[in-house]
Colleague: 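Take a look at the following structure, please.
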Amino acid sequence: MNKKIVIKTLEKIALMLELQGENPFKISAFRKAANALELDERSLSEMEDITKIKGIGKGTAAVIHELIETGESSQLKELEEVVPKGLIPLLKLPGLGGKKLAKLYSELGIDSAEKLKEACENHDIQKLAGFGAKSEEKILKELENFGQRSERLPIWYLQTVVIDIHHVLTDIPEIQKFSVAGSYRRVSEMSKDIDFIVATAQPEKVKEQLLTKLVVKEVVAAGETKVSVILDGEEPVSVDFRLVSEKEFATALHHFTGSKDHNVRMRQLAKDQGKKISEYGVEQPDGAVLTFDSEEQFFAHFNLPFIPPTVRESGKELERLDELAGLVTMDSIVSDLHMHTTWSDGAHTVREMGQALIERGYAYGVITDHSQYLKVANGLTPERLKNQRVEIYQFNESHPNFTLYAGTEMDILPDATLDYDDEVLRELDFVIASIHSSFSQPQEKIMERLFTAIKNPYVHMIAHPTGRIIGQREGYNPDIPQLIQWASEYGKILELNANPYRLDLCIEHLVMAMEQNVPIAINTDAHAIEQLLFMEIGTKYAQKAWLKKELVVNTWSKEQFETFIRKNK
DNA sequence: GCCGTTTTCGGCCCGACTGTTTTCAGTCG
């Protein structure tokens, strides 16, 4: 029995129970059991006694055992007989939860979006106790764009929205300080909404200005401490602003950064000490509420080191505290190994990129323009590559404390050959190989192409190994465990491309690479100076995989890096 | 339903907002 099916079944039972208006704790027990299975790294067959897992007890274990033995769940079957299928998607309508839907079904027989719409139009809904004219109106409005709005938006889209909001908040004088929170702050690939924590002594004024200065499509809620809006744009985005006093800022930021599981663990920990955590502070056993100047101090209060937002996920981070100090951070990054210039499709010259790297405080960097196959990107012929190298080394002569290396981002061609001959590659300091074409080839062919690159002695690194664009395209589906195996055998680097469109390798793959001790380079793939900033997002994303400093190539000293790139020469 | 115990029941993280009420239930994060 596939573990995923078991998890899905438990979640489905939870949904069905919700629609029966069941006890919320019972519902969440099924969700917790599903979550516990998901977080456990073992497969089902490796688990001896599943009730030993915290969150799985007699009831949920019975469901799991039945699934393993018979392939189905009688409890789910019974629920499916009583609860109409059509109700499940309706749970997604804002404002409608299990209890209200259960009522709509039992009183009016509503079991589909069509029937719900009809009932609203006939004004049957407002006659029910607990519903009114406003509910009816709201449901009708929500039904209009039902199923249209995408549930989660990719980080690269949200980033532009966050920057816009940033500007608006900066211009409101009554705001003392603010920060983005939520899953965006934790650098999730996709987020459902954006959260901001705003410190102010004049929430009324701030609220007013937020509603006028932002491009608001819809006001969802506008209370004393919470303003919730949907912003207009290419894609509508839900944004929550939490208005708090300055002294509450740190605890509010922690609370609304989450994750939910992280908060639950923190609250349990507080409870064990007789304390109570809320967004407004930490209530002491004697009832006094403590606030903090920073999240660091908040964690210190519980004798914990600062836990970066990026790893606040499952709650298990509290068991990995000794690893925190070794995680890669922006402070440890001294180079960027993948960037483009005006020689191919970049916006800035070699000199300008080099200068920008120096200003970022790096010790070295590599210029890696495209190779000749990529004509659309003005890829370099061997002749131009040679000329470029002269320019790169000239830059070094006038900058003694910094080194720019001459590299390439060479295409791996569709026929599984490389875009430059070995004689050309041998002359370069650093060679990146990557796939930019024929994504839809069968996996064997893709792997043949990657293997050609991996086994070439002059290739140092494979860039954006899957070719994915978050939320948009899957990439070319390589066999990543195999690629990692090869990288380990042949001593190659795999990239974490820090461009927010890519973040490739993904977390799961980074974890696998780390287990095999394959070095990872976090690179911006910058096509302009501004994009060198992607390093921040890349580094944070790497933390999500608990990537250690030593394994990240661009934390290496120049000497270490040179030893690595010269080993096959 | 799960957990843990002061071991078979009571609590489960906690609080805001809305729309319905006329003190609160449901929903949401």
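To find a chain, count down the sequence lines: A is the first, B the second, and so on, and within it residues start at 1. Side chains included, hydrogens not; waters and symmetry mates left out as well; all remaining heavy atoms used.
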Colleague: Taking only N and O in the side chain of A/S28, is any of them less than 4.0 Å away from OP1 or OP2 of B/dG1?
Modeller: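 Negative; the distance criterion is not met.
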Colleague: Out of B/dT18, B/dG11, B/dC2, which has the shortest distance to the side chain of A/T60?
Modeller: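 Between B/dT18, B/dG11, B/dC2, the one nearest the side chain of A/T60 would be B/dC2.
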Colleague: OP1 or OP2 of B/dG26 versus the side-chain N and O atoms of A/K99: is any pair under 4.0 Å?
Modeller: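 A/K99 to B/dG26 OP1/OP2: side-chain N or O found under 4.0 Å.
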Colleague: Tell me which nucleotide among B/dG1, B/dG29, B/dC13 gets nearest to the side chain of A/R267.
Modeller: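 Of the candidates, B/dC13 comes closest.
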Colleague: Under a 3.5 Å cut-off for both contacts, is B/dT8 paired Watson-Crick or G-U wobble with anything, and if yes, with which nucleotide?
Modeller: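 Answer to the pairing question: none, since B/dT8 forms no Watson-Crick or G-U pair.
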Colleague: A/K271 side chain N/O closer than 4.0 Å to the phosphate oxygens (OP1, OP2) of B/dC12?
Modeller: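 Affirmative; the distance criterion is met.
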Colleague: Looking at residues at least two apart in the chain, or sitting in another chain, which of them share a side chain to side chain donor-acceptor pair (under 3.5 Å) with A/Q531?
Modeller: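 None.
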Colleague: Let me confirm one number: the CZ-CE distance from A/R42 to A/M47, rounded to the nearest 0.5 Å.
Modeller: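 The distance works out to 5.0 Å.
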Colleague: Using the P atom on both, measure B/dG11 against B/dT6 and round to a whole Å.
Modeller: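 Nearest-Å result for B/dG11 against B/dT6 at atom P: 15 Å.
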Colleague: What about A/N23, does its side chain sit under 3.5 Å from the base of B/dG1 through a donor-acceptor pair?
Modeller: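 Checked by distance alone, the answer is yes.
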Colleague: On a whole-Å scale, what distance lies between the P atoms belonging to B/dT20 and B/dG10?
Modeller: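 One P to the other, the span is 36 Å.
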Colleague: Between A/Y280 and B/dA16, is there a side-chain N or O to OP1/OP2 distance below 4.0 Å?
Modeller: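 Yes.
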Colleague: If you compare all heavy atoms of A/Q543 against all heavy atoms of A/P308, which two are closest, and at what distance to 0.1 Å?
Modeller: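 Closest approach of A/Q543 to A/P308, heavy atoms only: OE1-CB, 4.0 Å.
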Colleague: Of all the nucleotides listed (B/dG26, B/dC2, B/dG15), which has the minimum atom distance to the side chain of A/K58?
Modeller: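 Shortest atom-to-atom distance from the side chain points to B/dC2.
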Colleague: So, is A/S228 near the phosphate of B/dC17, with a side-chain N or O under 4.0 Å from OP1 or OP2?
Modeller: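 So the side chain of A/S228 is outside the cut-off, no N or O lying under 4.0 Å from OP1 or OP2 of B/dC17.
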